[in-house]
Protein chains: 2
Amino acid sequence: MRLSQFHLATVKEVPADAEIVSHQLMLRAGMIRKLAAGLYTWSPLGLRVLRKVEAIVREEMNRAGAIEVLMPAVQPKELWEETGRWEKFGGQLLKIKDRKDAWYCFGPTHEEVVTDFARSELHSYKQLPVNFFQIQTKFRDEIRPRFGVMRAREFLMKDAYSFHLSAECLEREYWNMYNAYSRIFTRLELKFRAVQADAGAIGGNVTHEFHVLAESGEDAIAFSDGSDYAANVEKAEALAPETARPAAAAALERVDTPTQRSIDDVSAFLGLAPAQCLKTILVRGNDGLVALCVRGDHEINEIKAAKLAELPGQSVLAEEADIVKALGCKPGFIGPVNLPADIPVIVDRSAAVLADFVCGGNADGTHFRGANWERDARITRVEDLRKVVEGDASPDGQGRIRLARGIEVGHVFQLGTKYAESLNATVIAQDGKNQVMTMGCYGIGVSRIVAAAIEQNFDAAGIIWPEPMAPWRVVLCLINPKNDAAVSAAAESLYAELQARGIEVALDDRGLRPGGMFADMELIGIPHRVVVSERGVAAGTFEYRARRDSESRQLSREEVLALFAA
Amino acid sequence: MRLSQFHLATVKEVPADAEIVSHQLMLRAGMIRKLAAGLYTWSPLGLRVLRKVEAIVREEMNRAGAIEVLMPAVQPKELWEETGRWEKFGGQLLKIKDRKDAWYCFGPTHEEVVTDFARSELHSYKQLPVNFFQIQTKFRDEIRPRFGVMRAREFLMKDAYSFHLSAECLEREYWNMYNAYSRIFTRLELKFRAVQADAGAIGGNVTHEFHVLAESGEDAIAFSDGSDYAANVEKAEALAPETARPAAAAALERVDTPTQRSIDDVSAFLGLAPAQCLKTILVRGNDGLVALCVRGDHEINEIKAAKLAELPGQSVLAEEADIVKALGCKPGFIGPVNLPADIPVIVDRSAAVLADFVCGGNADGTHFRGANWERDARITRVEDLRKVVEGDASPDGQGRIRLARGIEVGHVFQLGTKYAESLNATVIAQDGKNQVMTMGCYGIGVSRIVAAAIEQNFDAAGIIWPEPMAPWRVVLCLINPKNDAAVSAAAESLYAELQARGIEVALDDRGLRPGGMFADMELIGIPHRVVVSERGVAAGTFEYRARRDSESRQLSREEVLALFAA
């Protein structure tokens, strides 16, 4: 591509509302332009990158045996009512009334439509398993669209839906998709983790999120430094300590802690480590209050707590008035010693091996020192209740937990029969009977990947594209203020030769000064830069610099070509 | 592609509302499936065809120097108010209110958005000319969606918009696009015509529609059998006859025609050809009634009439009461003889050379015979007023007019400054002053092409794809009920060899009986069929049949491969 015939429009200033680096750099590079809140036009430069991501996603989905379809963006309300999601999906669902006053939505996802398609298309077990995918424009009416295409309202998504007769068959396809996703992000040269995620309200047992690792990521990820294990921090299991609980050595003793309520204050006041203290909270249970205990240096994981049988599917702190009524003290002084018998005491695995610990005195301004389980305080049950921390043993037994931040770019999910049941999507099974199909769904945020890749690959000068998603692999910067025929000829010849070899090359023939040209090419992140100048041509060399290098090198034509030989 | 691993689902019955053959065949072939009125899912088979059309369109747009972008489907109301089209566009505009009660539309076209993009991106004459295109999903809320994807509500469109400093520059790009469109439809192997169209209310001087010729087409087209000339029938010029008006020979004579009002009745009654009669109608003019005269065998072209200076931009017949009041007679007896002096008489070129003609007597139940212009009736002005008919001289002087029906699949348009002015899209010109840009727009109905191609290429058995848009170029039908290893090996070997040569080949390994397999492959329109059977393998031959052939041939492996050598 000759850049004189392309539309490149880098921008000096970016609006103040561009909070994250990918949003800033995409605007500065002129990859996107805002049309309205959460709506962006992809410029020629931006679209080149988007299409590269799209192509790799498509290739790997095809390679994995999924079959491409294209479903409408606009979907009728009736289908969403069959699954109950017309109301339940919430405000992100953009509802539309047509000229005949019929209701539709701009699809935020396609479970309803694809299941309707499947119930029409699939009749026999012989047609299963099958996995339909599409790469298509979706809309989610985010209440606060921001971060550019990272959380846009209109975005490009790859969504796939598989149909099966059995959970075993679904699981095979699930791991097939898992592997395809791993290939996609590997080919895109992104640092990523497949993260065990919480299935949440959608149901289903197994789900993984694919996260691009980046400091700006919204999600906290726990991963092992000794294996492939990775999970959302919310989901990561905290193993029981390898050591058993020591025997009680100290006597139980009430101490005055007139103004000390927090673990930090109490432990400092008593000259003990926070890990020697017990943190106790009261939450609302199904039948009155429930006490949850973790070690003082740990945090309650509310997702884990919400799953306790004693709790109503969510973890909500008890009101102060209820605590005062039950214990006679305020929050900050709660502990398991002498707790009323009708309050279950659920203790985290790490907290359960404490001995001679400090805990609240269940009376304002006091704590206990030298408290011990069983002897002084009952344990209703030991559970995994806490958030993992750096250095914890990895749940798979290999390595230690490290924490990182990630940007979710993909999701694989074993849906089961939820949608197929609602929509009565059945096939005739081998036994001649109708059977509801079992489904999986598999999403990739195609446009979001572009932003996530930048969050992981940039420097002060701009974007540093991984080669597979770069708009061009190499740029030839033509510096020829005197219009010297030999300089032009050298550039054209190298340009033609690289093209002939199938290398995606841009020829910057816009006639800019070197400084402006180089700044543009660094900003838009072209991996390789070759300068064609009068001095170089006279010496028979080209100045070469990789985007990640700090220094240039003088290379012969053959050496330049050899760089792209692979 | 092994069809056992593809999703092919041909259908026996099609719904009664599938009125045209392309809609019926796309449903029967399982290319599309209806989701709701005017909303279709493209199945794997349908999408293969759609993507082929899309790829050819993209390649030729790129070759022509247009630059691809991707604009949002959802567009803010504010932009449409700047051009006044929020109200003017009419019911096809699907209006959407988001969760914050802000209004948007699902874009039916992108003039507003691209002009907004251009006013942000383009600052200097140095950036011009530029032509941005996209291939993107549009929505038009058709009041009566029908004919499948031919007139769907959601559809895939290629739209391009060019920006210029001058009308001359626009015109060059216009013909560049005209040529690109011609290459696209030629590559798609469709019979088409580039048709001069009426610019209508949009303004601008030059516009062409690209029509795929098909009997089911909604538009009537006049084209020359001796040149490239083609125009909408409404737009096609009817030249003046080459012969001058003969001298008057007969005397004017009033004849009784008590019940004869129509040209057919009058000419039969009087024993004359309709071409010897004059058809006169009265329409509402700006200042009272206006008489329009054409030859009896011709029809008034209302589009041409509406452009007369005497008319208010449209051609509306006068009320009978007004005619009776002005002339004292009813419609059916009107003629130019003795017409009140305040009624202008506009005469078609062919009618103006009549002599000794029959016309209405301006009294109920009478006509004149032997009427002559000038001597008996005044002519205010001679104009081109009629619809062309088969056999007319082509307006470009080459060949004769033929009539055909067409399906509009493309449109090129010189917009001028209409949108750029409304949206104040200016650049700094060479003289340093701000100048409003001049625009062109160029659309192709990508999904509609698929249906149009079928309307032009089908038979009783199904679709007959032009090779460039066929889902596969050739299918190998594997007939192997005994699972003979030699038969499978012959099929696999030929399959591998064709793939190695880059031929798009399907292997029908679904295990169907020959009849069902052949019917499927004819229905879905694969251009070449090669049967691999036990008998053929024993004889060292393959049964070959082209989709358009009526007979099969026995070919050797080398002969089969040679078919696809080009």
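By convention in this document, chain letters (A, B, ...) are assigned in the order of the sequence lines, proteins followed by strands, and residues within each chain are numbered from 1.
- Both the backbone and the side chain of A/I143 have a heavy atom closer than 4.5 Å to some heavy atom of chain B.
- Contact annotation for A/L93: neither backbone nor side-chain heavy atoms come within less than 4.5 Å of a heavy atom of chain B.
- A salt bridge links A/R510 and A/D508; the closest N-O separation between the charged side-chain nitrogens and carboxylate oxygens is under 4.0 Å.
- A donor-acceptor pair is defined here as one N or O able to donate and one able to accept, closer than 3.5 Å; no such pair exists between the side chain of A/Y104 and the backbone of A/D98.
- Heavy atoms of A/R99 lying under 4.5 Å from chain B belong to its backbone as well as its side chain.
- If you measure heavy-atom distances from A/E112 to chain B, you find no contacts under 4.5 Å at all.
- Ring-plane geometry between A/F6 and A/W472 is classed as perpendicular, the angle between the planes exceeding 60 degrees on a 0 to 90 degree scale with a lower cut at 30.
- Put simply, the side chain of A/H110 gets close to the backbone of A/P72: a donor and an acceptor are under 3.5 Å apart.
- Electrostatic pairing of A/E82 and A/R119 counts as a salt bridge here, judged by a charged N lying under 4.0 Å from a carboxylate O.
- A/L70 touches chain B through backbone and side chain together, each having a heavy atom under 4.5 Å away.
- Both the backbone and the side chain of A/S120 come within less than 4.5 Å of a heavy atom of chain B.
- For A/D141, the parts lying under 4.5 angstrom from a heavy atom of chain B are both the backbone and the side chain.
- Counting heavy-atom pairs closer than 4.5 Å to chain B, the top residue among A/L94, A/T41, A/V130 is A/T41.
- Put simply, the side chain of A/Q75 gets close to the backbone of A/T109: a donor and an acceptor are under 3.5 Å apart.
- Considering only heavy-atom pairs separated by less than 4.5 Å from chain A, the leading option among B/A37, B/A73, B/G46, B/S4 is B/A73.
- Side-chain N or O atoms of B/K95 include one that pairs as donor or acceptor with a backbone N or O of B/W86 at under 3.5 Å.
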Kindly indicate, with the supporting measurements, whether the criterion side-chain hydrogen bond (donor to acceptor under 3.5 Å, both in side chains) is fulfilled by B/E173 and B/H164. CA-CA 9 Å; B/E173 183 62 15; B/H164 311 267; 5.8 Å; no
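- Panel note: side chain A/N131, backbone A/A160; no donor-acceptor pair is recorded below 3.5 Å.
- Looking at A/L39, both its backbone and its side chain come within 4.5 Å of chain B, counting heavy atoms on both sides.
- Only the side chain of A/R51 comes within contact range of chain B, judged by heavy atoms closer than 4.5 Å.
- The backbone N or O of B/K97 sits nowhere less than 3.5 Å from a side-chain atom of A/K97 that would complete a donor-acceptor pair.
- Only the side chain of B/D116 has a heavy atom closer than 4.5 Å to any heavy atom of chain A.
- Ring geometry for B/H23 versus B/Y40: interplanar angle over 60°, hence perpendicular rather than tilted (30 to 60°).
- Using a 4.5 Å cut-off between heavy atoms, A/E154 contacts chain B through its side chain alone, with no backbone atom that close.
- For chain A, the nearby part of B/L122 is the side chain; its heavy atoms alone come within less than 4.5 Å.
- The residue from A/T83, A/L79, A/L423 that alone fulfils the side-chain contact (heavy atoms from CB on, under 4.5 Å) condition with A/T115 is A/L423.
- Contacts between B/R153 and chain A at a heavy-atom distance below 4.5 Å involve the side chain alone, from C-beta outward.
- Contacts between A/Q92 and chain B at a heavy-atom distance below 4.5 Å involve backbone atoms as well as side-chain atoms.
- Of the two parts of A/L35, the backbone and the side chain both hold a non-hydrogen atom closer than 4.5 Å to a non-hydrogen atom of chain B.
- Residue A/Q127 touches chain B through its side chain alone, counting heavy-atom pairs closer than 4.5 Å.
- The residue among B/P44, B/A102, B/G30 with the most heavy atom pairs within less than 4.5 Å of chain A is B/P44.
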